[in-house]
Structures are given as C-alpha cells and as structure tokens.
> 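There's a structure below that I have some questions on.
In what follows, chains are A, B, ... by sequence order, proteins preceding strands, each numbered from 1. Quick caveat: nothing in here was measured; it's all calculated off a predicted structure.
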Amino acid sequence: MPELPEVETIVLELQQLIVEHIIRDVTIRESKLIAFPDKREFLTLIKDSLIEDVSRRGKYILIKLSEGLTMVIHLRMTGRLLVLPAEMGYDKHTHIIFHLDNGLDLRFHNLRKFGRIYLVKDNQWVEAGNLTGLGPEPLSDDFTLDKFKEILKRRKTNIKALLLKQDFIAGLGNIYTDEALFEAGILPHKRADELTDIEIEKLYRAIRVVLKKAIEYGGTTFSDYRNVQNKMGFFQNELMVYKREGKKCYRCGTEIAKERVASRGTHYCPGCQK
DNA sequence: CGAGGTACCTGACAGC
DNA sequence: TGCTGTCAGGTACCTC
C-alpha cells in the first residue's frame with residue numbers, strides 16, 4: 001500500500017514519538033514477519049535497545065538503535081506502523097508489538113502479512129532486502145535531470161514499468177506513477193527511449209511535485225493506509241486519475257481510462273496524455 | 001535486458 | 001444468503 005509519501009509521513013511522525021525511547025520488550029504474534037534474524041536472536045538483540053533515529057530509504061523505514069543495530073521495516077501492501085497507548089486494545093492483524101518505556105506501543109499491523117522486518121548490525125544491507133540496489137531518492141539532490149535523462153534514453157521498456165522499478169528510482173508505486181505521468185502529460189505505455197527532452201523534463205518535475213504534495217497531505221488512504229495514530233491521509237481527494245476510471249478528467253473532461261500496463265491497473269486521461 | 005507469470009495473504013465487492 | 005471470481009498502495013523469484 002504505502003509508497004514514498006505514506007512512508008515519509010510515518011517516518012516524520014515516528015521521529016516525534018519514539019526517538020530517545022527504549023524498547024523494553026517485544027511481543028511476536030506472527031513470526032513470519034521477522035525476516036532476519038530468527039525470532040530468538042531478534043528478541044535477544046532488540047530488548048532494551050535505545051531508539052536513536054528514524055529515517056527512510058525508498059519505501060523502507062530505518063529505525064536506528066543503540067549498539068549499531070538498525071531495524072529495517074517494509075510495509076508492502078497493507079502494513080501499518082502504529083504508536084498507541086499500551087492499554088489500547090488491538091485486533092487480529094496486529095502481529096508484532098514493541099513495548100516502549102513511555103507507556104506507548106509501536107505496533108506492526110499487517111492485514112496481508114506481506115510486510116517484513118529485518119534487524120541488521122551496522123550496515124549489513126544485503127540481508128535487509130537489498131537496500132544497496134535501490135535507485136536514487138526522487139526528492140534528493142542526487143536525483144538530477146541529467147541522470148534521469150541518461151537512463152531513460154537507454155531503456156526500451158514502457159515508462160510506467162520503468163518508474164515502478166525500485167532499482168531505477170526508489171519510492172514510486174502504482175498510485176504516484178499514474179499521477180506523475182498524468183501531471184507530465186505522458187501515456188504510461190510510451191517507450192522510455194522515445195520520450196523527448198521536453199517530456200523527460202516534464203516528467204522529472206511532475207514526479208517531484210506530486211510526491212511533495214502528497215507528503216503535505218499526509219499520503220493517500222483508499223483502504224489500508226493509516227498514519228501512526230491510525231488516521232487516514234488526505235491525498236485521495238487530490239488524485240487526478242488513480243481510481244477515477246469512467247469519471248471526467250478535471251482538466252479536459254475526457255473520461256479517465258483504465259487498463260493493464262506493466263501488469264498493473266493503470267489509470268490515465270486519453271485527452272491530456274500523449 | 002524485457003515481458004510475463006506465480007506466489008505470498010486477507011478482505012471487499014460484483015455478479016449470479 | 002452464499003458461492004465464485006477479480007482486484008488491491010509490493011516485491012521476490014521464475015521462465016521464455
């Protein structure tokens with residue numbers, strides 16, 4: 001479910017709520033969500049760790065702990081990270097509970113159980129789901145127009161599939177790929193190496209504009225996404241094409257279309273996107 | 001490298 | 001009501 005803006009929203013909130021606190025204990029109700037190391041070692045390592053910092057790389061949440069440990073969390077489709085009072089009840093989809101020293105729990109809620117947690121020492125990113133293989137952060141300075149242009153010109157695949165590849169650019173998922181392509185006026189089926197310089201520049205800007213705006217709105221909630229207080233985002237009201245098939249384009253009035261591109265449900269405006 | 005499929009899970013929703 | 005099929009913010013892994 002969550003893409004870069006949702007993960008960023010969660011990270012900003014976690015920085016306020018859990019940093020400087022200690023993980024007193026952990027309740028593991030579904031151990032398959034602990035990808036590395038095994039349950040026993042995970043518990044031994046993490047107990048009494050101090051949470052020093054929370055950050056993000058692509059869609060991965062990085063929780064820096066004392067003793068050089070980092071807990072890496074990926075929410076996949078339906079994961080939630082919640083920070084709630086320990087006395088508050090929880091449902092059957094709450095699979096891992098970190099009990100903090102301030103009377104709050106950090107809870108990993110995950111309806112479809114696709115999410116994963118890795119606990120790594122120093123920078124063992126290899127076991128942590130290949131963070132080293134991620135592409136540039138679209139909102140950072142090292143994501144430049146020149147680099148973007150250079151890579152696009154060498155790829156024959158359709159632009160939608162390319163934007164979804166995390167080793168090409170980190171953080172975009174199905175919603176924001178569709179939204180950015182609309183914003184840039186480019187059809188999702190278009191081959192990457194056939195985009196003009198002007199189209200590439202429009203796309204480059206569109207990606208950054210759409211992501212930044214979505215972060216300001218606290219992400220998009222259709223069904224599962226919630227922030228750490230278990231509240232919905234607001235960007236679903238701002239979407240131009242995603243989940244708007246059959247409805248009129250806000251810009252030109254054409255009916256928004258939906259079809260499968262890159263094996264994903266893909267929304268676009270046949271009027272605005274060429 | 002590219003394209004397509006499957007698998008992992010649970011639930012919502014449409015259609016019969 | 002209830003059954004069946006499809007779809008879902010993701011990604012790893014497999015084959016051709």
> Whole angstrom is fine here: how far is it from CG in A:L75 over to C1' in C:dG10?
10 Å
> In whole angstroms, how far is the P atom of B:dA12 from the CG atom of A:L111?
8 Å
> Start with the C-alpha gap between A:Y176 and A:E6, add the side-chain angles, then the distance that decides, and say whether side chain to side chain donor-acceptor pair (under 3.5 Å) holds.
CA-CA 11 Å; A:Y176 299 107; A:E6 289 76 31; 2.5 Å; yes
> Does anything in residues 239-261 of chain A form a ring-ring contact (aromatic ring centres under 6.0 Å, His included)? List the pairs, not counting sequence neighbours.
A:F222-A:Y242, A:Y242-A:H267
> With sugar-phosphate meaning primed atoms plus P, OP1 and OP2, does A:Y176 contact a base, only sugar-phosphate, or nothing at under 4.0 Å between heavy atoms?
nothing
> If I pick the P atom on C:dC3 and the same atom on B:dC8, what distance separates them, to the nearest angstrom?
24 Å
> How long is the line joining NZ of A:K113 and P of B:dT10, in whole Å?
4 Å
> So, A:F114 and C:dG10: ring centres less than 5.5 Å apart, planes less than 30° off, yes or no?
yes
> When you compare the side chain of A:K160 with that of A:Y268, does any pair of heavy atoms fall below 4.5 Å?
no
> Any donor-acceptor pair under 3.5 Å linking the side chain of A:E13 with the backbone of A:N227?
no
> If I pick the P atom on C:dG5 and the same atom on B:dT6, what distance separates them, to the nearest angstrom?
15 Å
> With a 4.5 Å cut-off on side-chain heavy atoms, are A:L17 and A:Q229 touching?
yes
> Quickly work out the A:R80 CZ to B:dG11 P distance and round it to whole Å.
12 Å
> Is the base of C:dG5 syn or anti, if syn means a glycosidic angle within 90° of 0?
anti
> Under a 3.5 Å cut-off on both pairing distances, which runs of 3 or more consecutive Watson-Crick or G-U pairs involve DNA chain B?
B:2-8 with C:10-16, B:10-16 with C:2-8
> Would you tell me whether A:N158 and A:H189 have side-chain atoms, one donor and one acceptor, within less than 3.5 Å of each other?
no
> Check every atom of B:dG11, C:dG9, C:dA12 against the side chain of A:H93 and return the nucleotide holding the closest atom.
B:dG11
> State, yes or no, whether a side-chain contact exists between A:I117 and A:F42 at a heavy-atom distance under 4.5 Å.
yes
> Check DNA chain C against residues 162-173 of chain A and give the residues with a non-hydrogen atom under 4.0 Å, in numerical order.
A:Q166, A:G173
> From the options B:dA3, B:dG2, C:dG9, select the nucleotide whose nearest atom is closest to the side chain of A:T157.
B:dA3
> Can you measure A:R264 atom CZ to B:dG5 atom P for me and round it to whole angstrom units?
14 Å
> Identify which one of A:V72, A:L69, A:L45 satisfies the side chain to side chain contact (heavy atoms under 4.5 Å, CB included) criterion when paired with A:V120.
A:V72
> Whole-Å distance between B:dT10 C1' and A:R112 CZ?
7 Å
> In whole angstrom, what separates A:N174's CG from C:dG10's P?
6 Å
> A:G265 near the nucleic acid: base, sugar-phosphate alone, or nothing, with a heavy-atom cut-off under 4.0 Å?
sugar-phosphate
> Is there side-chain contact between A:Q236 and A:K243, with heavy atoms separated by less than 4.5 Å?
no
> Answer whether the closest heavy-atom distance between the side chains of A:L139 and A:I215 falls below 4.5 Å.
yes
> Looking only at side-chain N and O atoms, does A:K59 come under 4.0 Å of OP1 or OP2 in C:dT11?
yes
> Side chain of A:E3: nearest nucleotide among B:dC1, C:dG9, B:dA3?
C:dG9
> Has A:K258 got a side-chain N or O lying under 4.0 Å from the OP1 or OP2 atom of C:dT6?
no
> Quickly work out the A:N110 CG to C:dG10 P distance and round it to whole Å.
13 Å
> When only distance counts, do a donor and an acceptor, one from the side chain of A:S223 and one from the base of C:dG9, lie under 3.5 Å apart?
yes
> A:L75 versus A:R80: any side-chain heavy-atom pair under 4.5 Å?
no
> If each of A:S263 and A:R154 is mapped to the nucleotide of DNA chain B with the nearest heavy atom, which maps nearer the 5' terminus, i.e. the 5' end?
A:R154
> Mind checking the P distance from B:dC13 to C:dG9? Whole angstroms is fine.
16 Å
> Does A:R76 put a side-chain nitrogen or oxygen below 4.0 Å from OP1 or OP2 of C:dG9?
no
